[in-house]
Structure formats: structure tokens, C-alpha cells
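Right, one structure below, let's go through it.
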Amino acid sequence: MQNAEIAGTTANDKTKRKLRADAIDWLLRLQDKPDDPMLQAQFNTWLAKDPQRGEVFERARRAMGDASYLLKSDLDFAQRATHKPLLRARNITAALLLALGASAAFLAADGPMRLRADVITGTGQKQILTLADGSKVELNAETAIAVDLEPNERRIRLLRGQAYFEVAADPARPFIVEAGNGTTTALGTAFDINVSDEATRVTVTEHAVMVASLSDDRKQRLSENNQVTYDDDGQLGSVEPTDIAMTTAWRQGRIVFDNRPLSAVIDELARFLPGRIMIAQSDLAKRKISGSLDLSDPQTALESFSEAIGIKVTRLGPYLTILRQ
């Protein structure tokens, strides 16, 4: 586990970083829903507010290797392709293949997330940060955050993964964590946030937080030893008591689970293993299990765990593992 310190940056640096992160967010959202007219209208409104936004968005799109966009909108490229006899079809094809290869390498290297995040942990890696305001953030494996400490607000964006926050008191500057489609505002506290494919879960270990949806006006005050989840649409669930030791066991190098779906357990274990783990049958993914795994040797933990609950492990190369009944 590593320790690090995030120092303050200039206002200009923060503005550029925020603009870049927003541009990449829009790019990913538009690629995910290319035929959504409401999303396109919202994007156009965002774009029109500042000429710099278009320039930054353009650079982000080029960096992510959208070859089809280059063909459609780069007039210089189109003119060269049309008027220069030496630029034959095979040259264009080679150029596109090169662009697509660069795009694949960019995505494989986690390029989009690296452009958005200030700190990223890799597979099996955890890290503790001390922020410039004295707050501490402990990042689980496969976690990414962006940090913006402003004079009137401290805002952390948990872009993926899981993190534990110990917030330094500063009544004049609220401490807000944006994760998934919701925000968590500290009320002098320590808390854990876990972003998964299924939902975002907020667990309070000290004092209280205010959890709010970004989709509507719903808010929920959450006190210690309780947790709440919200989905991708920002719909808040009900507050439930929780076992703090179980929720934060990852900080001590373990995963502890009680009557949880196999898919949720595998999601957490996958942060410590290279490649992808797939569950072959949907009923197996929903199967509720209880137990504890030692993360010091995650591969052995997966094998022992699978044998104990009677499931088969099939490896297809070093980067794909399939679990089946």
C-alpha cells in the first residue's frame, strides 16, 4: 500500500482539468446513447456556453481515436483524400488501421480514465492519499478519483471503484463526493463509497452524511453504522443497518460477505485479479453465498472458494476466467 499527497494546484490548472474531464464525460455519454435527442440537446447547450469547450471536446474525441468522425468532419483530411492522386485507397486504409490500432492501445491502457482522474489504482493495488486540506482517502484496487479543492468547496469525483474517506473539519468548505448518479456530503465524518455495476453503496462509519440524487431532489441523511444504495438513475434505496467491519474488511485485506449474490462477491474479488471473470449462468450469478476471502493471494482464494461452493473454474488464457456450475 502506498501513501501519497495531493497538493493544491493553480486555479487555471483546475479549470483546464475540469473542462477536460467534462468533455470526456460528454464524449462517453454520447457514444453510449448516440440516438438520444435529449442528451444531444443538453450537450449542445453545454457546448454553446464556452468556445473552449468545443476545442477540448474535439481533442478528446481525436485522442480516443474516433476514425469515423475524422473522415466525416476533418475537411483537410477529406480534401487530401479527394484531390491528391498519391493518396490511394490502401493509404487511407493503412491510416485508418493505424488510427484504430492507436485507439485500441489507448483504451487498453485505460486512456479515457487517465485523462479524467488525478489518481488511479491498478489491479491488486491500494493507496492512501493525504489531501491538501488534511483529509485522508484510502483507495481500493481498480479505483480512480479526481480531486478539486476550491476556496468554497472540496469536491471529489469517485469515477470508479471503492474508497474510504476521513474528512478534516472545515465548516466553510463542504466536502462532497460525487459517485455514480449521486453525491455524498460529509457532516464531519468518515464513510465508505463503493461503485459497482449494480449500484453505488454509501456506508457511514462515523457521524453522518447527506446522500443526494443527481436525478431529482431526493436526499437522505445517513448516520453511522448505516448504509444506503442508489442505482444508475440516482434512485435512492432505503437506509439499512450494516456491519461496518464487514463493509470495510477490504482495508484489512479481506472480503467478507453474508448472503450476498455471487456476482457481487466476484465484482470485488476481480479488482485483485488480472483480466476478466465471467459467470456463465445467470442463476449462478444470483446465488446467495456467505464467507470470507483472503486477498493476499486472490488466485488461490478464488480456487478454494469455488471448490468450497461447488463451482468450476475455466481459464481461457491469462485474461479470461469463466465460472460455471
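Remember, it's a predicted structure, so these values are computed and weren't measured experimentally.
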Pair [X]-[Y], side-chain donor/acceptor within less than 3.5 Å:
| X | Y | value |
| --- | --- | --- |
| Asp192 | Trp250 | yes |
| Asp258 | Ser290 | yes |
| Ser215 | Asn181 | yes |
| Gln235 | Ser213 | no |
| Asn226 | Ser223 | yes |
| Arg201 | Ser196 | no |

Spacing of [atom1] belonging to [X] relative to [atom2] belonging to [Y], to within rounding of 0.5 Å:
| X | Y | atom1 | atom2 | result |
| --- | --- | --- | --- | --- |
| Arg160 | Asn194 | CZ | CG | 13.5 Å |
| Arg324 | Ile279 | CZ | CD1 | 14.0 Å |
| Gln281 | Leu262 | CD | CG | 10.5 Å |
| Leu293 | Leu295 | CG | CG | 7.0 Å |
| Thr184 | Gln220 | OG1 | CD | 11.5 Å |
| Lys219 | Leu236 | NZ | CG | 11.5 Å |

Taking all non-hydrogen atoms of both residues, which atom of [X] and which atom of [Y] are closest, and how far apart?
| X | Y | value |
| --- | --- | --- |
| Arg271 | Asn140 | NH1-ND2, 3.5 Å |
| His207 | Gly188 | CD2-O, 2.6 Å |
| Ser296 | Pro298 | C-CD, 3.7 Å |
| Gln125 | Ile120 | OE1-O, 4.3 Å |
| Ala280 | Ile322 | CB-CG2, 4.0 Å |
| Tyr164 | Ala190 | OH-CB, 3.4 Å |

Consider only side-chain heavy atoms of I, L, V, M, F, W and Y, link residues closer than 4.5 Å, and tell whether [X] and [Y] are in one cluster.
| X | Y | answer |
| --- | --- | --- |
| Met278 | Phe272 | no |
| Phe175 | Leu187 | no |
| Val228 | Met246 | no |
| Val202 | Val195 | yes |
| Ile255 | Ile309 | yes |

Those residues that, when tested against [X], pass salt bridge (charged side-chain N to carboxylate O under 4.0 Å, His left out) (two or more places apart):
| X | answer |
| --- | --- |
| Glu303 | Arg315 |
| Arg173 | Asp170 |
| Glu268 | Arg260 |
| Arg154 | Asp133 |

For residues [X] and [Y], determine if any side-chain heavy atom of one lies less than 4.5 Å from a side-chain heavy atom of the other.
| X | Y | value |
| --- | --- | --- |
| Thr200 | Leu158 | no |
| Thr189 | Thr205 | no |
| Val204 | Asn225 | no |
| Arg287 | Pro261 | no |
| Val119 | Val137 | no |

* **Verdict with supporting geometry, Lys126 and Thr121, side-chain contact (heavy atoms from CB on, under 4.5 Å)** => CA-CA 6 Å; Lys126 295 190 289 184; Thr121 55; 5.8 Å; no

* **Stepwise side-chain contact (heavy atoms from CB on, under 4.5 Å) test for Asp243 and Val256** => CA-CA 10 Å; Asp243 185 328; Val256 181; over 6 Å; no

* Asked: Would Glu178 and Arg155 pass as an ion pair if we require N to O under 4.0 Å?
  ->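 Between Arg155 and Glu178 there is a salt bridge, with a charged N closer than 4.0 Å to a carboxylate O.
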
* Asked: Quick check: does any side chain N or O of Thr143 sit under 3.5 Å from a backbone N or O of Ala141, one acting as donor and the other as acceptor?
  ->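 Yes.
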
* **Residues that Asn44 engages under side chain to side chain donor-acceptor pair (under 3.5 Å), provided they are two or more places apart** =>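 Gln40.
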
* side-chain contact (heavy atoms from CB on, under 4.5 Å) between Phe305 and Ile266: does it pass, once the steps are laid out? -> CA-CA 11 Å; Phe305 160 72; Ile266 293 302; 4.2 Å; yes

Which donor-acceptor pairs under 3.5 Å do the side chains of residues 48-57 make with protein atoms, sequence neighbours left out?
from	atom 1	to	atom 2	distance (Å)
Asp50	OD1	Gln52	N	3.0
Arg53	NH1	Trp46	O	2.6

* More than 12 foreign heavy atoms under 6.0 Å from CD of Glu307: is that the case here? ->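 No, the 6.0 Å shell around CD holds no more than 12 heavy atoms from other groups.
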
* Stepwise side-chain contact (heavy atoms from CB on, under 4.5 Å) test for Phe191 and Leu222 -> CA-CA 10 Å; Phe191 55 96; Leu222 193 64; over 6 Å; no

